[in-house]
2 protein chains.
Amino acid sequence: MNDSPRRKELTRLAAQLFVQEGFDRTTVRMLAQEMGIKSGSLFHHFRDKQEILAAVIEEGTQNALTLARAALKDSAPDPLSRLHAMARAHLDTLLTDRNAHVVALYEWRRLDDGARDHLTHLRDAYEALWNEVLDDAIAADLVTGDRALVSRFVLGALNWTVRWYDPDGPRDPEQLAHELVVMITRRP
Amino acid sequence: MNDSPRRKELTRLAAQLFVQEGFDRTTVRMLAQEMGIKSGSLFHHFRDKQEILAAVIEEGTQNALTLARAALKDSAPDPLSRLHAMARAHLDTLLTDRNAHVVALYEWRRLDDGARDHLTHLRDAYEALWNEVLDDAIAADLVTGDRALVSRFVLGALNWTVRWYDPDGPRDPEQLAHELVVMITRRP
DNA sequence: GTCTATAACAAGATAGAC
DNA sequence: GTCTATCTTGTTATAGAC
């Protein structure tokens with residue numbers, strides 16, 4: 001539909017509920033209440049519930065991509081620093097304000113075919129960034145294994161943190177990123 | 001409820017649907033159809049839909065525990081072999097017949113409080129097995145890092161395979177287990 | 001143990017007034 | 001842009017016959 005600031009705000013609130021309850025269990029009435037409007041009014045901003053999901057996932061993936069690019073730009077150029085920067089950025093989008101990127105990862109398969117086609121290139125761009133960094137790490141003999149698999153294992157380990165991470169616990173995303181890097185890199 | 005062989009068979013079919021569609025999107029009518037009965041008849045075997053989920057998850061976790069114990073029993077006693085055996089067993093329960101264990105991992109939070117309390121000890125027993133094996137691997141200087149985190153990262157990497165694994169692809173669970181172990185162990 | 005029939009309710013979505 | 005009111009459909013679960 002459109003791209004108003006109001007819609008942006010509603011998308012943000014939807015992301016929060018989708019993470020808390022899951023997409024399927026989040027009703028349009030719950031969404032409306034969280035937004036302080038009635039359920040009928042929601043459909044002025046979004047054609048249907050699917051479109052809300054697509055908006056959240058687009059936002060989440062775009063966010064992750066932007067943050068990752070920024071992190072690489074600020075990072076030292078050596079493969080270890082870049083690997084750490086990527087892991088840190090990924091965890092920040094997942095754990096810091098537990099929102100749209102989590103939905104992008106965990107509710108991807110709830111997208112209908114059209115939306116999935118439209119968003120796949122975004123996700124691919126994000127994964128391409130990871131592949132680049134991991135290729136360099138493997139070439140530098142910092143990490144061992146087949147890139148295609150290493151990439152999936154590493155992202156799996158990071159994505160799963162959503163399930164157990166406690167924001168009041170002893171470690172912050174930065175430390176988790178460090179620990180993951182320690183686990184998969186060969187000591188110099 | 002009871003524990004008839006019929007119920008066991010129905011549980012197996014339910015697991016399949018829960019993996020394919022997700023618990024929330026699987027209706028009792030779909031379950032009944034898959035089982036070749038009408039939806040009303042389902043409630044002769046299970047009190048409600050929740051109880052089906054609990055049965056599937058109990059089955060899946062128990063399976064994983066049994067298989068892991070068997071794998072450790074058959075394994076060579078060195079830490080590397082045991083680590084590989086655990087990873088292999090875990091992936092077998094997740095990828096080989098894509099069923100109850102996947103549901104246990106991915107639909108755990110859909111359990112109601114009572115069922116969760118009842119099943120937590122099973123899950124803890126399974127994780128205790130992992131912790132033992134990882135403690136040994138870390139003590140042998142095979143893997144580097146804090147056990148609590150290593151355990152979560154490794155299980156995350158393994159659990160996420162469900163999302164991308166292609167049974168017709170070039171690698172089987174055994175090879176994936178090998179690649180994961182290669183990635184996280186220090187070369188001798 | 002399974003069937004038919006249906007109760008009881010919750011869901012997504014629409015229409016038209018304001 | 002939001003409201004009220006409502007339509008339509010789908011959902012879990014129950015009751016009683018077979």
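Naming convention: chains lettered A, B, ... in sequence-line order (proteins, then strands); numbering from 1 in each chain. Please read all numbers here as calculations on a predicted model, not as lab measurements. FYI, side chains are in, hydrogens and waters are out, and symmetry mates aren't considered; it's all heavy atoms of this structure.
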Atom pair distance, as rounded to whole Å: [atom1] in [X] and [atom2] in [N]:
X: A:Asp24; N: D:dT12; atom1: CG; atom2: C1'; value: 16 Å
X: B:Leu42; N: C:dT4; atom1: CG; atom2: C1'; value: 15 Å
X: A:Gln33; N: C:dA10; atom1: CD; atom2: P; value: 15 Å
X: B:Glu9; N: C:dT2; atom1: CD; atom2: P; value: 12 Å
X: A:Phe43; N: C:dA15; atom1: CZ; atom2: C1'; value: 13 Å
X: B:Arg110; N: D:dT12; atom1: CZ; atom2: C1'; value: 17 Å
X: A:His45; N: C:dT14; atom1: NE2; atom2: C1'; value: 16 Å
X: A:Phe46; N: D:dG1; atom1: CZ; atom2: C1'; value: 13 Å

Answer yes or no: does a side-chain N or O of [X] lie under 4.0 Å from OP1 or OP2 of [N]?
X: B:Lys49; N: D:dT12; value: yes
X: A:His44; N: D:dT2; value: no
X: B:Arg6; N: C:dT2; value: yes
X: B:Ser41; N: C:dC3; value: yes

Checklist entry - Contact class for B:Thr26 vs. all strands (heavy atom < 4.0 Å): base, sugar-phosphate, or nothing? => result sugar-phosphate
Checklist entry - Which of parallel (below 30°), tilted (30 to 60°) and perpendicular (above 60°) describes B:Trp130 and B:His90? => result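 Answer is perpendicular, since the angle exceeds 60°.
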Checklist entry - With a 4.0 Å cut-off, would you call B:Arg12 and B:Glu59 a salt bridge? => result no
Next on the checklist: Set out, in order, the CA-CA distance, both residues' side-chain angles and the distance that settles side-chain contact (heavy atoms from CB on, under 4.5 Å) for A:Met35 and A:Glu9, then state yes or no.
Outcome noted: CA-CA 9 Å; A:Met35 298 164 179; A:Glu9 169 69 2; over 6 Å; no
Next on the checklist: On DNA chain C, compare the nucleotides closest to B:Arg29 and A:Gln50; which residue's is nearer the 5' end?
Outcome noted: B:Arg29
Checklist outcome for this item: Between A:Arg25 and B:Gly36, the residue closer to the 5' end of DNA chain C by nearest nucleotide is B:Gly36
Out of [options], which has the shortest distance to the side chain of [X]?
X: A:Ile37; options: C:dT2, C:dC3, D:dT2; result: D:dT2
X: B:Thr27; options: D:dT6, D:dT11, C:dT2; result: D:dT11
X: A:Asp48; options: D:dT2, C:dT2, C:dA13; result: C:dA13

Next on the checklist: Distance to the ring centre below 6.0 angstrom and angle to the axis at most 45 degrees; does that hold for B:Arg163 and A:Tyr106?
Outcome noted: yes
Next on the checklist: So, applying salt bridge (charged side-chain N to carboxylate O under 4.0 Å, His left out) with B:Asp113, which one of B:Arg109, B:Arg116, B:Arg110 is it?
Outcome noted: B:Arg116
